[in-house]
Colleague: 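Got a structure for you, written out below as structure tokens; questions coming shortly.
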Amino acid sequence: MIKNLSSLLLIYTGGTIGMKVDPADGALKPFDFSQILSEVPEILKFACKIDVHSYNPLIDSSDVETGLWVSLVELIKENYDKYDGFVILHGTDTMAYTASAVSFMLENLSKAVVFTGSQLPIGVPRTDGRENLISAIEIASAHDENGHSIVPEVSIFFAGTLVRANRATKINAEEFSAFRSYNYPPLATAGVKIRYNHPAIHSVYDWGYGLEVSTKLDTRVSILKIHPAITESVARNVLLAEGCRAVIIETYGSGNAPSKGWFISLVQEAIAKGKIIVNKTQCLGGSVDMNIYEGGRLLLASGVVSAGDTTTEATLAKLFYLMGLYEDNDMVTKAMAKSLRGELS
Ligand code: ASP
């Protein structure tokens with residue numbers, strides 16, 4: 001049987017959900033959280049106690065830095081024993097990056113951490129924020145008869161669907177249904193009832209394990225998107241950039257890139273200089289398989305690592321996390337091949 005837990009921490013970082021039009025210049029800007037609560041009095045009807053932690057300053061999530069990620073996991077760690085679940089309000093633009101990073105930075109998580117936000121501010125009559133917030137609270141507070149969370153992992157709730165955080169991508173700038181998980185099924189759908197997809201939800205190995213957090217991130221990563229007519233100098237500038245320890249190459253289809261000599265030589269030069277090169281397909285669904293075509297085989301033979309079916313957001317966050325953990329690139333590349341938090345099939 002699913003019940004609601006007794007206490008929840010609602011963390012507000014900013015984003016459209018809490019924005020209002022600033023009459024001075026007409027731009028949407030974040031406002032005080034107390035206004036959100038007054039817009040959604042339904043929250044007070046929940047049987048559980050909800051405390052609010054509001055960031056100051058509130059940000060548009062396009063300004064997010066890893067400092068916010070560190071602060072979020074520290075906040076969850078500090079409050080872990082006090083609350084049964086966590087809801088994080090965050091802008092949609094970078095929600096998949098932040099939520100992916102938080103999923104890696106929290107180890108042995110056995111409580112729900114649900115990210116949500118909205119496409120329209122909560123004060124607007126047609127807002128999607130009210131339904132997103134209310135359902136996120138219900139999911140974060142859902143538990144079984146033993147008091148165990150129903151969704152003990154980091155997830156994103158948006159427009160009636162709950163997806164694993166590190167499988168999510170923002171795919172629409174206008175529609176309410178803004179997030180998709182192409183390579184992993186939804187964890188829950190919210191209609192008249194919230195239907196949990198129990199087989200897809202992370203199962204906790206031992207509920208007694210304590211939460212561990214990792215706050216050391218190495219952000220020396222960059223992304224090179226392959227496109228027709230890409231030039232050698234552009235590819236060189238990214239692949240061999242000073243101060244960059246890893247490069248994610250966004251390739252075509254099943255992981256294909258130009259088989260031209262100059263491109264493969266650049267990749268080999270970057271690897272010889274100690275860089276980690278990761279192959280991530282530009283396709284939203286499906287996986288990298290470097291064994292199929294010549295362009296992929298050349299990358300594989302050069303020592304390029306596959307991102308498999310992991311999203312770009314999660315690949316970036318996984319690299320930040322693993323490079324923060326390990327100085328040794330071999331340790332990083334070995335761990336990239338494993339699914340650490342359900343990000344890889
Ligand atoms: N620019 C906003 C943000 O990401 C968009 C949103 O929240 O939907 O903070």
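Counting starts at 1 for both ligands and their atoms, in listed order. Position 1 is the first residue of the sequence, and the numbers go up from there. From a predicted model like this one, the values you see are computed outputs, not experimental measurements.
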Colleague: So do the side chains of Leu239 and Lys275 get within less than 4.5 Å of each other, counting heavy atoms only?
Modeller: no

Colleague: Short N/O distance, under 3.5 Å, between Ser62 and ligand 1?
Modeller: no

Colleague: So does Glu343 pair up with Lys318, basic N to acidic O under 4.0 Å?
Modeller: yes

Colleague: Any N/O of His90 closer than 3.5 Å to an N/O of ligand 1?
Modeller: no

Colleague: Would you say that more than 12 heavy atoms from the other residues, nucleotides or ligands in this model lie under 6.0 Å from the OH of Tyr80, or not?
Modeller: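 Yes, enclosed.
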
Colleague: In ligand 1, which numbered atoms sit nearer than 4.0 Å to a non-hydrogen atom of Gly15?
Modeller: 7 (O), 9 (O)

Colleague: Can you confirm, on distance only, whether ligand 1 has an N/O atom lying under 3.5 Å from any N/O atom belonging to Lys170?
Modeller: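 The answer is no, given that Lys170 and ligand 1 share no N or O pair closer than 3.5 Å.
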
Colleague: Checking the N or O distance criterion of under 3.5 Å, is ligand 1 in contact with Thr94?
Modeller: no

Colleague: May I ask you to list the atoms of ligand 1 that are less than 4.0 angstrom from any heavy atom of Asp60?
Modeller: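 Counting atoms of ligand 1 from 1, those under 4.0 Å from Asp60 are 1 (N), 2 (C), 3 (C), 4 (O), 9 (O).
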
Colleague: Mind checking whether Thr169 and Glu313 have side chains closer than 4.5 Å, heavy atoms only?
Modeller: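 Yes. Closest side-chain heavy atoms under 4.5 Å.
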
Colleague: Contact between Ala178 and ligand 1, counting heavy atoms under 4.0 Å?
Modeller: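 For ligand 1, residue contact (heavy atoms, under 4.0 Å) with Ala178 is absent.
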
Colleague: Say you draw a straight line from CD of Glu138 to CG of Leu162; how long is it, rounded to the nearest 0.5 Å?
Modeller: 12.0 Å

